[in-house]
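Everything quoted here is computed from the prediction, not taken from an experiment. Proteins come first, then strands; the chains are lettered A, B, ... in the order of their sequence lines, and each starts at number 1.
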There are 4 protein chains.
Amino acid sequence: MEWRPAISAKDKNNNKYHLILEAAIKVFAGHGFYQSTISQIAREAGVADGTIYLYFKNKDDILVQFFNYKTRQVFAGFREEVDKADNSGEKLRNLVRRHLKEFQADRDMALVYQAVTRQHNRLVKKEIKEMSKLYLDLVVEIVEQGQAEGLMRKDLYLSLVKRYILGAVEEVINTWLLSGGKYDLISMADPLIDLFIRGIGIPGAFQQDEAIQVNSQ
Amino acid sequence: MEWRPAISAKDKNNNKYHLILEAAIKVFAGHGFYQSTISQIAREAGVADGTIYLYFKNKDDILVQFFNYKTRQVFAGFREEVDKADNSGEKLRNLVRRHLKEFQADRDMALVYQAVTRQHNRLVKKEIKEMSKLYLDLVVEIVEQGQAEGLMRKDLYLSLVKRYILGAVEEVINTWLLSGGKYDLISMADPLIDLFIRGIGIPGAFQQDEAIQVNSQ
Amino acid sequence: MEWRPAISAKDKNNNKYHLILEAAIKVFAGHGFYQSTISQIAREAGVADGTIYLYFKNKDDILVQFFNYKTRQVFAGFREEVDKADNSGEKLRNLVRRHLKEFQADRDMALVYQAVTRQHNRLVKKEIKEMSKLYLDLVVEIVEQGQAEGLMRKDLYLSLVKRYILGAVEEVINTWLLSGGKYDLISMADPLIDLFIRGIGIPGAFQQDEAIQVNSQ
Amino acid sequence: MEWRPAISAKDKNNNKYHLILEAAIKVFAGHGFYQSTISQIAREAGVADGTIYLYFKNKDDILVQFFNYKTRQVFAGFREEVDKADNSGEKLRNLVRRHLKEFQADRDMALVYQAVTRQHNRLVKKEIKEMSKLYLDLVVEIVEQGQAEGLMRKDLYLSLVKRYILGAVEEVINTWLLSGGKYDLISMADPLIDLFIRGIGIPGAFQQDEAIQVNSQ
DNA sequence: CATGAATGAGCCTTCATTCAT
DNA sequence: AATGAATGAAGGCTCATTCAT
């Protein structure tokens with residue numbers, strides 16, 4: 001028998017659900033998921049320990065909900081942002097800019113997301129894969145459009161390209177997090193896009209440039 | 001009073017130290033650091049629980065030793081690999097290839113490294129920073145040589161470039177880990193280098209290519 | 001950061017705090033502090049192991065609380081008893097009688113007190129000193145009054161006298177404890193006072209009686 | 001089957017037995033019996049942990065041996081000292097003086113003796129009783145001689161008198177130990193004897209002096 | 001005789017979860 | 001709905017003791 005919350009917990013207007021979720025993210029951001037306790041979360045949220053179990057199945061479930069509601073919502077915004085632009089270059093720029101913007105705006109979410117994402121955590125493996133796929137598909141879509149527009153190279157290993165972009169963006173975010181969030185993350189977007197597009201080499205300078213053979217995708 | 005291992009643990013000929021360390025990495029890789037128990041590690045190593053404390057101060061110390069001995073050694077190899085090549089392009093290729101090779105060769109190490117590296121773990125914060133700096137400095141060195149050789153663009157935001165490269169490589173590794181290590185990771189090296197050098201754009205196709213202003217770090 | 005009990009532990013109406021404290025004293029009395037386990041105390045108190053940590057910081061804290069609440073209360077009674085009498089002789093008699101009475105009434109407390117008091121236990125060193133000083137000061141006060149009243153010798157080494165009295169009383173208690181508490185301890189009070197006052201010698205029989213030189217503290 | 005030391009351990013000329021015993025006493029004095037570890041004792045003695053088990057059955061046995069060899073020897077000296085004197089007063093003085101002298105000379109022994117003596121420790125209950133009886137019998141013998149000599153009161157509660165004396169002496173020692181052994185303990189002997197003999201009262205000043213009725217022994 | 005690495009039982013302590021109020 | 005006291009399973013760590021060398 002599957003567990004049902006005792007309370008219509010996820011109703012949009014239910015403050016306490018979100019109150020606890022936000023408190024949890026804050027605490028997870030500070031100590032890491034396994035180092036955080038239900039008591040800490042309860043104290044941060046200003047509720048009793050037991051109250052948390054009215055809205056969440058258990059501690060693990062808080063993390064799952066984080067992905068299912070909080071993160072999903074953030075990533076959904078990426079789609080909108082991409083749709084705003086026509087040009088593949090602008091789409092990519094919008095995507096990266098929005099990514100950096102959202103993560104800069106919610107540092108706690110960013111910390112938890114980045115940490116859990118690399119933990120190969122059984123609890124949220126599925127959710128992470130979905131989130132990741134959503135992003136990667138977006139990139140592939142953009143690059144394919146870029147190829148169709150004649151703006152992007154056709155000899156690209158797409159499944160590599162998408163990770164190359166996601167990895168670089170996430171690493172830039174990670175560095176910003178480690179720095180304590182002292183500088184403006186969004187300003188990294190344009191230089192980053194430039195690297196994605198042009199790379200670091202001077203065109204024609206590398207003899208082997210032409211030699212690389214890739215199986216597209 | 002500083003703790004000393006009860007046993008001259010790090011002597012070359014002492015297998016038990018390495019036996020336990022390897023067992024621990026395997027267990028950490030499977031369950032994550034905080035989900036792993038000393039008993040699991042002991043069982044995996046084929047020793048008694050108490051034996052672990054003859055070689056390690058406590059559970060945390062195992063993770064610290066992982067960075068101080070295991071990982072440090074892997075990263076030291078990167079330096080050698082870079083020094084083997086003259087050309088900046090070859091240096092970069094050697095670095096990335098070796099990186100992928102080492103992580104493919106020791107999947108457990110790779111899993112633990114990737115996970116802990118994003119956890120903002122207090123225990124090994126210092127070690128992670130050192131390891132990371134070692135890598136990033138290597139990249140900067142290569143790119144600067146590339147610029148001197150006239151092979152790489154001079155208008156590069158170096159502190160961004162180094163993370164762009166590290167991030168992309170690590171994400172490729174991460175994806176490989178998530179896939180269960182089913183394909184050949186090293187074969188990713190050349191396509192990846194190609195992306196670093198040339199990017200995904202067709203030279204001249206993007207109007208704004210020239211417009212980007214960067215402070216060359 | 002200072003520890004606060006999770007529960008308003010010392011509230012008058014909170015039985016569980018006292019329940020556990022009494023259980024602990026009983027167990028300590030039977031096995032000694034270091035030989036007693038939290039599980040034993042919990043079982044004796046009829047609570048779960050974890051419950052103890054809602055009221056006490058840790059095992060050591062139980063011993064500290066024993067001194068801060070249980071013993072302090074007993075010793076506070078000594079002051080009242082002394083104040084009841086006018087005559088220095090009666091004051092001394094009341095003090096010793098009450099001392100023996102309280103320790104006879106709570107054999108477990110007596111056992112723990114006597115044991116810990118001689119252990120030079122770091123945990124409660126301060127508390128023991130305070131408790132001891134309280135008692136010794138009381139004796140000094142009485143003897144000084146006795147001297148003023150012309151009932152007690154003026155050539156007394158006060159700091160020795162106070163220990164002479166405390167030591168004799170405690171040894172009598174100790175013997176009673178070792179015997180298993182089979183006889184009436186309070187009946188020892190009068191003969192003991194007699195020894196304090198008159199000693200064991202026949203007045204004038206010892207030639208050297210007059211020869212002893214003391215620095216009246 | 002009873003345990004026998006693997007080695008003729010108690011041979012007078014065996015240094016290691018005494019080496020370990022002295023080391024143990026030193027360690028017990030510093031940390032208390034239960035807080036001391038075999039490793040600490042081994043280190044203090046300059047031998048391996050395992051070596052201790054060649055001379056002692058187990059940790060408990062070290063404490064038992066402490067009483068059986070070390071303490072017994074000290075207390076045996078008391079008998080000699082008493083026999084040296086003829087007069088009961090001198091006998092008492094010699095006894096107390098020697099007691100203080102021996103305990104001052106070996107502070108570690110004193111610490112361990114005082115601590116264990118009040119612990120109601122199962123391990124050495126028998127030994128402590130013996131040691132104690134030896135001392136108390138000596139006092140009784142002296143007092144009875146004093147009574148025969150017409151130097152001591154006949155209306156004495158002997159079994160109380162002996163504890164009264166032992167208790168006072170031990171408390172004086174205890175105070176000296178707590179002070180860190182800063183002053184001369186032996187100088188306490190004469191003032192103490194004076195208190196035993198004459199008490200603190202002025203002869204005849206207390207009306208009730210005569211009123212006390214005691215059952216001798 | 002001596003060593004000291006290895007063992008594993010046992011203990012303190014934490015904390016997710018429950019449930020009576 | 002909310003509380004928070006109570007629970008007890010689980011885990012990190014210590015250390016007396018053993019035994020192969």
Test item: B/Arg107 side-chain N/O and B/Leu177 main-chain N/O as donor-acceptor pair under 3.5 Å: yes

F/dA6 OP1/OP2 closer than 4.0 Å to side-chain N/O of C/Tyr55: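 Checking C/Tyr55 against F/dA6: at least one side-chain N or O falls below 4.0 Å of OP1 or OP2.
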
Distance in angstrom units between D/Asn58 CG and F/dC15 C1', rounded: 14 Å

Distance, rounded to the nearest Å, where D/Lys59 contributes NZ and F/dT14 contributes C1': 11 Å

Interatomic distance, A/Ile41 CD1 vs F/dG4 P [rounded to whole Å]: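 So the two atoms are 17 Å apart, to the nearest Å.
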
Secondary-structure notation, DNA chain E, from Watson-Crick and G-U pairs under 3.5 angstrom (| other strand): .||||||||||||||||||||

Sugar-phosphate, base or nothing in reach of D/Ile38, heavy atoms under 4.0 Å: base

F/dA1 OP1/OP2 closer than 4.0 Å to side-chain N/O of A/Lys16: no

Candidates F/dA6, F/dG11, E/dT7 - which lies nearest the side chain of B/Thr51: E/dT7

Residue mapping more 5' on DNA chain E - nearest nucleotide basis, A/Gln35 or D/Gly46: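 Here D/Gly46 is the residue nearer the 5' end.
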
Close aromatic pair by centroid cut-off 6.0 Å: B/Tyr34 and A/Phe33: no

Residue A/Lys26 excluded, over 12 heavy atoms near NZ under 6.0 Å: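 Open.
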
Per C/Asp49 side chain, nearest of listed nucleotides F/dC13, E/dT13, F/dA6: E/dT13

Candidate list B/Ile41, B/Ile25, B/Leu123, test side chain to side chain contact (heavy atoms under 4.5 Å, CB included), partner B/Ile62, passing option: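 With B/Ile62 as partner, B/Ile41, B/Ile25, B/Leu123 yield a single side chain to side chain contact (heavy atoms under 4.5 Å, CB included), made by B/Ile41.
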
Candidate nucleotides F/dA2, E/dA2, E/dG4, ranked by approach to the side chain of D/Ala48 - the nearest: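 Nucleotide nearest to D/Ala48's side chain: E/dG4.
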
Minimum-distance nucleotide (side-chain atoms of B/Tyr53 versus F/dT14, E/dA2, E/dA5): F/dT14

Among E/dA2, F/dA16, F/dC13, the one nearest D/Thr37 by side-chain distance: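 It is F/dA16.
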
Residues, nucleotides or ligands: over 12 heavy atoms within 6.0 Å of A/Arg122 CZ: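 Result for CZ/A/Arg122: open.
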
From CA spacing to verdict: ring-ring contact (aromatic ring centres under 6.0 Å, His included), A/Tyr17, A/Phe56: CA-CA 8 Å; A/Tyr17 172 79; A/Phe56 298 88; 5.1 Å; yes

Distance in angstrom units between B/Leu63 CG and F/dG12 P, rounded: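 From B/Leu63 CG to F/dG12 P: 13 Å.
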
OP1 or OP2 of E/dT13 under 4.0 Å from side-chain N/O of C/Lys57: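 So the side chain of C/Lys57 is outside the cut-off, no N or O lying under 4.0 Å from OP1 or OP2 of E/dT13.
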
